[in-house]
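Counting starts at 1 for both ligands and their atoms, following the listed order.
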Amino acid sequence: MSTGLAIRGPRSLLRQIREAMAGGGPVQSRLDMAVQIIARSMVAEVCSLYLRRASGDMELFATEGLSADAVHVTRLSPGEGLVGEIVRLARPLNLSDAPHHPAFSYRPETGEDPYHAFLGVPLLRGGRTIGVLVVQNRTERVYADEEVEDLQIIAMVLAEMVAGGALPSSGPLKDVEIAPHKPERLKGVKFAEGLAFGTAVLHEAPVAPEQLLSDDSAAEETRLNIAVSALQNQIDSMIEGQHGLVGASFEVLETYRMFAHDRGWNRSLLEAVRSGLTAEAAVERVRSEHRARLGQARDAYLRERLHDLEDLNDRLLRHLSGDHGAVARVLPDDAILIARNLGPADILEYDRGRLKGILLEEGSTASHAGIVARALEIPCVGRLSGLRDRISQGDKVIVDAESGEAFLRPRPDVVAALDARMAVRAQRQAEFARLRDTPAYTRDGGKITLLMNAGLVVDLDILQETGAEGIGLFRTEFQFMVAEELPRFNAQTQLYERVLDVADGMPVTFRTLDLGGDKVLPYLEADREDNPALGWRAIRMGLDRPALLRLQLRALIAAAKGRELRVMFPLVASVDEFRAARALVDHEVAWAMRRGRPAPSKVRVGAMIEAPSLIWHLDALLPMTDFVSIGTNDLLQYMFAADRGNPRVADRYDPLSPPALRALQAIQQACADTGTPVSVCGEMAGRPLEAFALIALGYDHLSMPPGGIGPVKRMVLSCDREAARRGVTSLLKGATGTLRSEVETLARKLSVAI
Ligand code: PEP
Ligand code: MG
């Protein structure tokens, strides 16, 4: 008996299947025809197609060789039989003697007893198995690797045909669980505040069914080879470009390089193309197999490798499309972008006017996506595990970036509740906009200066809109984090110049690079550390390897020319560090002057108070500084020993608890005693209740995310500072637990709008 699956070659087979599926007639007869063609071409006595029902059962949908009576009758519950085993493993099962396999489940209605050889492959879509395709032969044999590969390719084409909308979803396919359709609620982490309701757009859109098959394999092979070489060169040069610059880290890039040059990966891609797939479809085919397999891995290392592979696949697809980032995708006007994660420039490539929200499977608050989404004020929720497997292009979704949740295919009552919340929000926004030009004075005449935190060019567009009186914290590392490679001197200077131009005389405080910790760059050294938040980061890096810091200071000095330059250093933990950092500024200013370069009109150098150690050395620190700014995000994480990026512990400690408030009180007192200007620039400054407490402690310069300025101004305008001071001071005496509810009661008693 001949058993060569590839006798007529998968190319012509794929074509026949496509024609059978695309032809008119009832869906059932098209599926019947497809299994007939597969069985005939592969010289298999049996070919059966199982599809997943909404219940999770795998139902026999079409068969050639088994009893026709079993179609739509035989159903295997999840995990049952060999089909269940394939779903569980998400990979092919190749058996010479199927009835003797422990998972074999005998169904008399199928009449499958005489068949020994069994090869089943999953129909994968995204990371989900939506069906199983099986071929069987009477004789005991093991199918060859090429046959397994061929059947996987056929399964991919079938999966796309069934799930990609090529077949009418009425009739027998009506209740097929191709895509989830029930409402679902996923809990994640809020990356950028806000609410949105709209239509899901998949960032990594699957290849459309009509683009799966190529007409010219040789041409596809050439396209693939060109794209793979371009990818390899890109990664090689990314690695080489880093030599000697700042001590490159090779761990991340080397893994990339290893994968990019991996023979197995390249071979699988080539085989898929040779069998008749387009290059894009080949990438998807190999990707979905990796995803399904590695996605189940318990081992964290293996799952991380999957991320590397996903990135490589994305890059390869970009090379294939010839798109290196420039082409904006057409979006519906209520688009909610769905992605695993988004790289530096990804969000910026979409039409801002149509992009209403973002949902991510991964990411962190400090990731690119989080940073950019906050800057653009696009509601964003991340760390939604399993997101992409549960959503299809075009599904309706809610981004609830107040509670950090996503609602997929929400019921009408959930949408109605959201509409009401969105209306309240819009009303409040309009109220804040009206306050834009009102100066922030407390009721008893205290001037409170409200400043904005910024870090990207896109932030500058909204500086004027917010009514902020300047930028109290410009996070210079953002430019580095959203770039593919290290920004050079000119790029840095241009950005700083632009910031000062837009600020138009309002003060701007530049914070020097705050890298390390959770802010890692693929192109900069990042040795794995057990405790990155306590590790080699921020000013520590700057002082140990001063080349990068000096270059930045030079760029800042050059950009200021004739204007005031305000610079501060992050995570200063000792007075000696500040002294050394300040000396670098003096040195660079002197250097510029010696060369006759235009110097800043004035240079002000400050320290961020983020390390608790400084609280007990303010007497030495303050006289050396021109100003200080309190980074409460870090200060509190270190005081309470609670990782700010870890949702399990980040909210465990309250900025309105006695230790935090007393520390802030002590800093304010020391600054007042020495006449040192002080501001608070952590997130708490942007929350009305917390800002109320800060004002009560005597702070009058608050720098915050742009969205905080309106609400905080409204609070300031309704606040009597002296009464607040008296109230909070007395609460602090003898307090035993967090004072949140007491401070809130106080604010309400004083009719403060919090
Ligand atoms: C802070 O730590 O409070 C701060 C403002 O800096 P960043 O959030 O950038 O660490
Ligand atoms: Mg900080």
Measure Asp514 to ligand 1 on non-hydrogen atoms and call it side chain, backbone, both or neither using the 4.0 Å cut-off. side chain

Indicate if the distance from the Mg ion (ligand 2) to the nearest N, O or S atom of Asp634 falls below 2.8 Å. yes

Return yes when Gln637 approaches ligand 1 closer than 4.0 angstrom through a heavy atom, no otherwise. no

By atom name, which N, O or S atom belonging to Glu610 lies closest to the Mg ion (ligand 2)? OE2

Short version for Leu473: what comes under 4.0 Å of ligand 1, heavy atoms counted, is side chain

If you have a sec, work out which protein heavy atom is nearest atom 2 (O) of ligand 1 and how many Å separate them, to one decimal? Glu610 OE2, 2.7 Å

Near Arg475, which atoms of ligand 1 are under 4.0 Å from a heavy atom of that residue? 4 (C), 5 (C), 6 (O), 7 (P), 8 (O), 9 (O)

Go through the side-chain N and O atoms of Asp673 and Gln669 and say whether any donor and acceptor fall under 3.5 Å apart. yes

Close side-chain approach of Cys380 and Val399, heavy atoms under 4.5 Å: no

Qualifying residue for ring-ring contact (aromatic ring centres under 6.0 Å, His included) with Phe510, from Tyr496, Phe478, Phe569: Tyr496

From atom 10 (O) of ligand 1, work out which of Arg511, Met608, Glu477, Arg644 has a heavy atom at the shortest distance. Arg644

Ligand 1 atoms in contact with Gly682 (distance to a heavy atom under 4.0 Å): 3 (O)

Which one of Lys187, Arg421, Lys190 satisfies the salt bridge (Lys or Arg N to Asp or Glu O under 4.0 Å) criterion with Asp400? Arg421

Give the ring-plane orientation class for Tyr653 versus Phe640, where under 30° counts as parallel, over 60° as perpendicular and anything between as tilted. parallel

Taking the side chain as every heavy atom from C-beta outward, state whether Leu473 and Met568 have any pair of such atoms under 4.5 Å apart. yes

Does any non-hydrogen side-chain atom of Val381 lie less than 4.5 Å from one of Glu405? no

Is there a heavy atom in Glu683 that sits closer than 4.0 Å to ligand 1? no

